[in-house]
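What follows is one structure encoded as structure tokens, with my remarks underneath.
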2 protein chains.
Amino acid sequence: MRKAQLTMQDIADRLGISKSTVSRALKDHPDISDETKQAVVKLAKELDFQPNTLALSLRQKKTNNIGVIIPEIVHDFFAKIITGVQEVAYNSGYNVIMCQTNESYEREKTDINALFSSRVDGMLISVAKETEDFSHITNIYNKGMPIVFFDRSCDLIHTSKVVTDDFDGAFQATEHLINQGCKHIAHLLGPKNLDISISRLEGYKAALTKYGIEINENLIVKCGEGTQEEAARVTDLILEEGDTKIDGIFANNDMAALGAMQSIKKHNLKIPDDIAVVGFSNWQLAEIVDPPLSSVSQSAYEIGIAATKLLLKEIESNENEEIKPETKVLKPQLVIRASSQKKK
Amino acid sequence: MRKAQLTMQDIADRLGISKSTVSRALKDHPDISDETKQAVVKLAKELDFQPNTLALSLRQKKTNNIGVIIPEIVHDFFAKIITGVQEVAYNSGYNVIMCQTNESYEREKTDINALFSSRVDGMLISVAKETEDFSHITNIYNKGMPIVFFDRSCDLIHTSKVVTDDFDGAFQATEHLINQGCKHIAHLLGPKNLDISISRLEGYKAALTKYGIEINENLIVKCGEGTQEEAARVTDLILEEGDTKIDGIFANNDMAALGAMQSIKKHNLKIPDDIAVVGFSNWQLAEIVDPPLSSVSQSAYEIGIAATKLLLKEIESNENEEIKPETKVLKPQLVIRASSQKKK
DNA sequence: ATGAAAGCGCTAACAA
DNA sequence: TTGTTAGCGCTTTCAT
């Protein structure tokens, strides 16, 4: 700040009263006379007085800030979560400090320590892909920092968490394909080291089993990191060299689904009539591509809302009462679009 | 914080020295003996001491935080800007506090005041669409808060700003279409109340003029807020009722370009051979749609970098020296994809 | 109804 | 080389 800042002392001086009176008047303390109150409020408004919340926070040992650790803002999914977080926080008088780790462990460590140093009242964390050692998180947890994980959690730490029911989403998607008449449904698998990939695979298998369709391991194919190109390539293989003629694809994510669609079109097959396609995540692109892509929506906004509510509850709970961690599993919703609705 | 926090006093007590010695030891002050230093550092590490930056900030009248006011995180464009901002800030030892206004004036006012109250060292601001009264910004500016505008600025306040050269981008796009052989290029116009819409229109006109192509006002059509549906609708009209057969479209933004593409396909015309299309903003969708969409890239990341550098320069400048505001105009780059490359 | 004073955790001028 | 003290701006207990 270039200029000296305006303080309560300044207001007090001008009015010939003490700064404690100013403080009380500003928070409408019953002891203060109406006359004094009005004078103070008037002058404060005139001078556009903004109290220094640093001093307040230091004094009260409470900042009314919460920190959010997020891997990547540019992902629709996380951006929507943030929006949910800010909504709840804002309405409860909290500010949100966001840090983007770019999936880097080092960055995550630094960010979390910085948030701790600035004494946020609690943290919402989605861990970076790189992170395997969680001591930076257990450290602050042990010091009493309220933490809620969202989307990507860490089982080592016994806190509240909010996650998507990936199994259920995959089940819904696969069941929908079956209901559309698909008998030979391929699955484009995500990276095996992520829990979500496994859960989605399990959901896919469970749906097939429920409807008495045999699981064909040849139709379950890895597509690396799940990029469009990789997905297109593996779909090419399925269509050209596979011994089974498929009529449906459930992809681990929307980018992969898109790659599959490109491959299908290239082979002059029709979507959805020859092959129906369903993705996962319901990114913006899903409604934009041609044909619009059916996809499992993870209700990111709701995840943000739920996680923040849990965190604020914890922050505002009485110090004495023991908080028992809750795990909220949000059911995803299948959004059906043209890519999977076969004409009957 | 549930538990009492660890302070320098605690460390001092355990070591039987004073807290000022601890403070000095921790910042490697030359006066302190190596012996003491090592003891302090060792204990601090053991106890995982994290200094309270609130106290530091209050004392130093410097928070090392910068605030960012952004309309919508979910837009690729802004998300990328943020990434650039965080990059520069992080490397210079600053933290970033982001606020999302959701294009609301009220929210913007509250956010800016909250940032001021928390004594951020400076602010990066992109104003909300709703904002017409700027007194909340002039207020803090007059109190000495360093401010840099990005993308959407406010001419009333004489600060540094970083913006895209929309005129140039539109010019490049239109010139490219002309070079591809287009003679009748339509322009899908953005909302007239935004400066950017006007600049892009002007760039379009200037390119036509340069190449001796007459400006046909019938080919300059509004498409409301620029959504896909609206763009598709107006394109339908041009194709069905227009008296000119067009061979190129320059759209004010990518969503509108997409709508135009849908309309063109519906009319069984080929992109780019019958009609070439160029959009603006180079959103992710541009490379995903079919055919991939040529688009003017605004180099959002660079905007974030440039704005933050300007702000930090201002923050770190000597109080006495007068800062003269700079305006950085970043040239956008046309990214040419299949939607506009006619076979010769 | 108001004021004086202590203290939140840290730094820095001044003393020793 | 280290300690003492004052003070950043605010709240709050205890006096008055």
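Throughout, protein chains are lettered first and strands after them, A, B, ... in sequence-line order, and every chain is numbered starting at 1. A quick note: this is a predicted structure, and the numbers were derived from the prediction, not measured.
- With sequence neighbours excluded, the residues forming a ring pair (Phe, Tyr, Trp, His ring centres under 6.0 Å) with Tyr105(A) are His136(A), listed by chain and number.
- Between Ser23(B) and Ser20(B), the side chains place no donor N or O within less than 3.5 Å of an acceptor N or O (distance only, hydrogens not considered).
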Table of protein N/O atoms under 3.5 Å from nucleotides 6-8 of chain C N/O atoms:
| residue | atom | partner | partner atom | Å |
| --- | --- | --- | --- | --- |
| dG7(C) | N2 | Arg59(A) | NH1 | 3.3 |
| dC8(C) | O3' | Lys61(A) | NZ | 3.3 |
| dC8(C) | O2 | Arg59(A) | N | 3.4 |

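- Between Asp10(A) atom CG and dG9(D) atom P there is a gap of 8 Å when expressed in whole angstrom units.
- Each of Ser23(A) and Gly16(B) was matched to the nucleotide of DNA chain D holding its nearest heavy atom; the match closer to the 5' end belongs to Gly16(B).
- Atom pair Gln9(A):CD and dG7(D):C1' shows a separation of 13 Å (rounding to whole Å applied).
- Every pair passing salt bridge (charged side-chain N to carboxylate O under 4.0 Å, His left out) that includes a residue from residues 42-57 of chain B is listed here, sequence neighbours excluded: Lys143(A)-Asp48(B), Lys42(B)-Glu46(B).
- The distance between atom CG of Asp31(B) and atom C1' of dT1(D), rounded to the nearest whole Å, is 7 Å.
- The distance between atom CD1 of Ile17(B) and atom P of dC10(C), rounded to the nearest whole Å, is 14 Å.
- Partners of Thr131(B) according to the side-chain hydrogen bond (donor to acceptor under 3.5 Å, both in side chains) rule, which considers only residues two or more places apart in sequence or in another chain, are Glu108(B).
- The phosphate of dA1(C) (OP1 or OP2) has no side-chain N or O of Ser33(A) nearer than 4.0 angstrom.
- The side chain of Ser18(B) contributes an N or O atom lying less than 4.0 Å from OP1 or OP2 of dG3(D).
- Legend: salt bridge (charged side-chain N to carboxylate O under 4.0 Å, His left out) pairs involving residues 124-136 of chain B, not counting sequence neighbours: none detected.
- Partners of Val329(A) by side-chain contact (heavy atoms from CB on, under 4.5 Å), not counting sequence neighbours, listed by chain and number: Val163(A), Asp165(A), Thr327(A).
- Atom OG1 of Thr101(B) and atom CZ of Arg107(B) lie 8.0 Å apart (nearest 0.5 Å).
- In this entry the distance linking NE2 of His29(A) with C1' of dC10(D) reads 16 Å, nearest Å.
- For the side-chain contact (heavy atoms from CB on, under 4.5 Å) test, residues two or more places apart in sequence or in another chain that qualify with Leu6(B) are Asp10(B), Leu47(B), Phe49(B).
- Under the salt bridge (charged side-chain N to carboxylate O under 4.0 Å, His left out) criterion, no residue pair touches residues 90-102 of chain B, with sequence neighbours excluded.
- Sorted by first then second residue, the salt bridge (charged side-chain N to carboxylate O under 4.0 Å, His left out) pairs that include residues 17-39 of chain B, not counting sequence neighbours, are Asp28(B)-Lys37(B).
- When the side-chain hydrogen bond (donor to acceptor under 3.5 Å, both in side chains) test is applied to Asn64(B), the partners found at least two apart in sequence or on another chain are Lys62(B).
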Pairs under 3.5 angstrom, nitrogen or oxygen only, protein versus nucleotides 13-16 of chain C, please.
| residue | atom | partner | partner atom | Å |
| --- | --- | --- | --- | --- |
| dA13(C) | N6 | Arg24(B) | NH1 | 3.1 |

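- The separation between Arg119(A) atom CZ and dC10(C) atom P is 7 Å, rounded to whole Å.
- If you check residues 36-48 of chain B against DNA chain C, you find no residue with a heavy atom closer than 4.0 Å.
- The distance between atom CD of Gln50(A) and atom P of dC10(D), rounded to the nearest whole Å, is 11 Å.
- Regarding Lys27(B), its NZ atom lies at a distance of 9 Å from the C1' atom of dC10(C), rounded to whole Å.
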